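Predicted, not measured: the structure shown is a model, and the values here were computed from it.
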Amino acid sequence: MVNIKFAAAVLLAIAATLAPSSAYSQNAAPAEIVPAKPLPDVPRNQTLVLGWSIASPIGVTNPWAVPGYTHQEGNGFMWEPLMYFGIFADKYIPWLATSMEYTSKDFTSLEIKLNPQAKWSDGSPVTAKDVVFTFEGQMKNEKLPYHASFDQFVDSVKAVDDQTVDVKFKIPAPRFKFEVLTEKFDTGIPIVPAAALSKQADVNAYFGGTEMIHSGPYDLVAWNANQKIFNLRPDWWAVKAGLMPVPAVKRIVMVNLGGQVGQNMDTVAQRIVNNEMDSSLDMRSSVIGNILAQNPKVTTHSGNQSPFGYLDWWPNSLWVNTQLAPYSDPRVRRAMSLAINRDQINDVLYDGAKIASIYPFPLYPGLQAFVDSPDVKAIEAKYQPGKFDLDESAKQMTAAGFTKNGDGLWAKDGKTVNATINGFEGIHSDIAPVLVEMLKNGGFDATINFGTDAQQNMNSGVPGLYLFGHGASLKDPYAALELFHGRYSASIGTSAGNNRFSRYKNPEYDAILDQMAPLSSDDPKFHALAAKALEIYWRDTIDIPVIQWLHRIPYNQTYWTNWPTKDNLAMGTNGAFWAQTGMLVVTSLHPAK
């Protein structure tokens, strides 16, 4: 998960500031990547133009180049996982692997069967040796993003034959297959080529460039400060294997939006309207509404109807440092939640669509089934986490020892409740002002901080509120609930990043999570324990859930159709081309007639 999603503070392109270099090397980024020969012309109706902010060092295509690599800037079109996951269909999509099955009832062993037709871009087969190399690299290399998960769970990995891998776990790992080995949204790992990376003295320093062997359908052919260009390679193995037809998109141009992100989205929008771009990063409601009004060829996940998007995996809450007074008092946290009118948020920001939330996870099919269960509905009725009631809010604050001062703000020992909302202008400019007014009406000293220190304030746990999402659960509630486990309760004065800003610690809650960990989500015991954990989440108001997150992505159909919309979810994937499943989106597009 990118720390602040699309906030302009971290998405500004840095290519122009890189030190010039006349030659590509492991340790220096080139000024640009120029094809040895001029690229052949590709018609516009075979070219997909995507708007994004390109911030990684020029030349980084190696997934193990850390720091520097990201899948979000087009590199995801080069790499493939064992499996994808179609979130709206709630199903696995086998890819490099034809199957991944636990072979023990206690989830301590997993067998992976590879697709025998899978090949690297140099024509060599993808084999069990590549999977073993990938897994052992994650186990041994502390710089790699999933090292901690492999170190915690994986005991051994063995190639049984060219197409079979046996994985043994130290402890039950019922979610390892989904959370780590399957790509969806921004999580999961690609399989890397052993033959190529095993030759590198330092796999983390090797950029990869245009020479990087990969299994995905597109080759990087050019890259400068303004754009990245990928061309379709005609020998992509998945076509012959029958997984996909020959892609109609022959070239992808990633246009670097740079400083336009968060500063002038109207300029980006106009380029969509003018048919200069086919899609871009997601937008706020007013911006995308203007696009739809100006160009009838543009659509969204929900067509031209509100809310103009789909649920992302990042529902936003107002987090607080629960170790720091007065936020350490559950009554204060509850009082702030009671001051938020979620129905009004739906009406004002989403034209009545039910986007405001009371959950720390997105309501995808598996999670929707969980919250719709009778026991969870009974707990919700008991605690009413979405209730708006300023009188009850006042009672909570009075019980916590606060009184209203001359300005109508709650105060204790002469101090008001600092309710400064730390957030990010590029993505929170619509919701944050609404929340500030609601909190002020409830007697809280609220304002907005969209400054460059917002992320650091969250990590450091300073006084105030943190408007941020939960990048965690997708199929069952465990991952989201685990964010509040006491093992992540960083002490005051230390950093608490990675969506663990609450610093919450409760042995009762931890014991429930520990019992859940070895259980499959379809185990009745798991469901009962998850309901208990959610009850504590609501009882203690660990954080204050506000909204499900939306991706309002414009899809221009002037040149390309078959975008994934609510009426076109054959594969069940979300429509973000920058996500791990973006390759499936691009290769499924049809030329407009």
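The shortest distance between side-chain heavy atoms of P362 and L367 falls below 4.5 Å. Side-chain contact check for M244 versus S588: some heavy-atom pair is nearer than 4.5 Å. In this structure the side chain of V586 never reaches within 4.5 angstrom of the side chain of P247, judged on heavy atoms. Side-chain contact check for M100 versus P94: every heavy-atom pair is 4.5 Å or farther apart. For the pair W223/S56, a side-chain contact is recorded, criterion being any heavy-atom separation below 4.5 Å from C-beta on. Annotation: side chain of T573 is in contact with side chain of I93 (closest heavy-atom distance under 4.5 Å). For the pair N316/Y466, no side-chain contact is recorded, criterion being any heavy-atom separation below 4.5 Å from C-beta on. By the 4.5 Å heavy-atom criterion applied to side chains, R271 and L257 are counted as neighbours.
Side chain to side chain, N231 and D219 fail the donor-acceptor criterion of an N or O pair below 3.5 Å. Side-chain contact check for D130 and W120: at least one donor-acceptor pair (N or O, by modelled atom type) lies under 3.5 Å. Side-chain contact check for T164 and K113: at least one donor-acceptor pair (N or O, by modelled atom type) lies under 3.5 Å. Side-chain contact of Q323 with S489: a donor-acceptor pair under 3.5 Å is present, judged by distance alone.
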query = Could you go step by step and tell me if F178 and Y478 meet the ring-ring contact (aromatic ring centres under 6.0 Å, His included) rule?
reply = CA-CA 12 Å; F178 178 77; Y478 179 82; over 10 Å; no

query = What do the steps show when you test N574 against H301 for side chain to side chain donor-acceptor pair (under 3.5 Å), and what is the final call?
reply = CA-CA 9 Å; N574 60 304; H301 181 83; over 6 Å; no

task = Take L82 and K177, measure what side-chain contact (heavy atoms from CB on, under 4.5 Å) needs, and give me the verdict at the end.
result = CA-CA 10 Å; L82 295 169; K177 168 187 169 181; over 6 Å; no

query = Can you check side-chain contact (heavy atoms from CB on, under 4.5 Å) on H470 and D543, steps first, answer last?
reply = CA-CA 11 Å; H470 307 73; D543 66 17; 2.7 Å; yes

request  = Please report the C-alpha distance between L467 and L318 in whole Å, then the side-chain angles of each, then the deciding distance to 0.1 Å, and finally whether the side-chain contact (heavy atoms from CB on, under 4.5 Å) criterion is met.
outcome  = CA-CA 5 Å; L467 187 53; L318 289 171; 4.0 Å; yes

request  = Apply side-chain contact (heavy atoms from CB on, under 4.5 Å) to the pair F107 and R175, showing each step before the final yes or no.
outcome  = CA-CA 9 Å; F107 304 100; R175 276 163 284 281; over 6 Å; no

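Checked by atom type and distance alone, the side chain of K250 never pairs as donor or acceptor with a backbone atom of V42 at under 3.5 Å. Of the possible polar contacts, none joining the S520 side chain to the P174 backbone as a donor-acceptor pair under 3.5 Å is found. No side-chain donor-acceptor contact under 3.5 Å links D151 to the backbone of M139. Side-chain atoms of T61 come within 3.5 Å of backbone atoms of G209 as a donor-acceptor pair (strictly under, hydrogens ignored). For T70 (side chain) and Q72 (main-chain N/O), a donor-acceptor pair under 3.5 Å exists by modelled atom type. Between the S473 side chain and the A480 main chain, a donor and an acceptor come within less than 3.5 Å of each other. In this structure, T108 contributes its side chain and P172 its backbone to no donor-acceptor pair below 3.5 Å. A donor-acceptor pair under 3.5 Å is formed between the side chain of Y102 and the backbone N or O of A173. Side chain of T134 to backbone of V192: a donor-acceptor contact under 3.5 angstrom is found. Remark: side-chain polar atoms of K158 are not paired, donor with acceptor, to backbone N or O of S156 under 3.5 angstrom.
Of all the heavy atoms in V180 and S149, the pair that sits closest is CG2-CB, 4.0 Å. Listed here is the closest heavy atom pair of L39 and A222: CD1-CB, 4.4 Å. Taking each heavy atom of M78 and H214 in turn, the nearest pair found is O-CB, 3.1 Å. The minimum heavy-atom distance between F88 and L311, with the atom names listed, is CZ-O, 4.1 Å. S279 approaches P554 most closely through the heavy-atom pair OG-O, 2.9 Å. Of all heavy-atom pairs between N459 and R503, the closest is O-NH2, 2.8 Å.
A centroid separation of less than 6.0 Å is found between the aromatic rings of W64 and F133. The aromatic ring centres of F153 and F169 sit 6.0 Å or more apart. Side-chain rings of F577 and W563 stay apart, their centers remaining 6.0 Å or farther from each other.
In this pair, Y504 and Y509 present their aromatic rings perpendicular. The plane angle is above 60°, beyond the 30 to 60° band. The aromatic rings of W549 and W314 lie perpendicular to each other, with more than 60° between the two planes, well past the 30° mark. Between H551 and Y310, the ring planes are perpendicular. Angles over 60° get that label, and only those under 30° would be called parallel. By the 30° and 60° cut-offs, the orientation of the rings of W313 relative to F185 is parallel. Aromatic ring orientation, F424 versus H428: tilted (interplanar angle from 30° to 60°).
In summary, D235 and K119 do not engage in a salt bridge, as defined by a charged side-chain N under 4.0 Å from a carboxylate O.
A distance of 9.5 Å separates CD in E183 from CG in L584, rounded to the nearest 0.5 Å. Atom-to-atom distance recorded for D282:CG and L550:CG is 9.0 Å, nearest 0.5 angstrom. For the atom pair CG (L589) and CG (D278), the distance works out to 8.5 Å, reported to the nearest 0.5 Å. Rounding to the nearest 0.5 Å gives a distance of 12.0 Å between CG of L96 and CG of L181. Rounding to the nearest 0.5 Å gives a distance of 12.5 Å between CE of M458 and OG of S495. Rounding to the nearest 0.5 Å gives a distance of 7.5 Å between CG of L48 and OH of Y218.
Surrounding NZ of K240 are at most 12 heavy atoms belonging to other residues, nucleotides or ligands under 6.0 Å away.
Residue pairs satisfying the side chain to side chain donor-acceptor pair (under 3.5 Å) criterion with at least one member in residues 74-88, sequence neighbours excluded, are listed as follows: N75-K228, E80-W95, E80-S215, E80-W236, E80-W237. Every pair passing side chain to side chain donor-acceptor pair (under 3.5 Å) that includes a residue from residues 135-144 is listed here, sequence neighbours excluded: N141-N204.
With F85 as the aromatic partner, K475 does not meet the cation-pi criteria of under 6.0 angstrom to the ring centre and within 45 degrees of the ring axis. Judged by the 6.0 Å and 45° rule, K199 forms no cation-pi pair with Y206.
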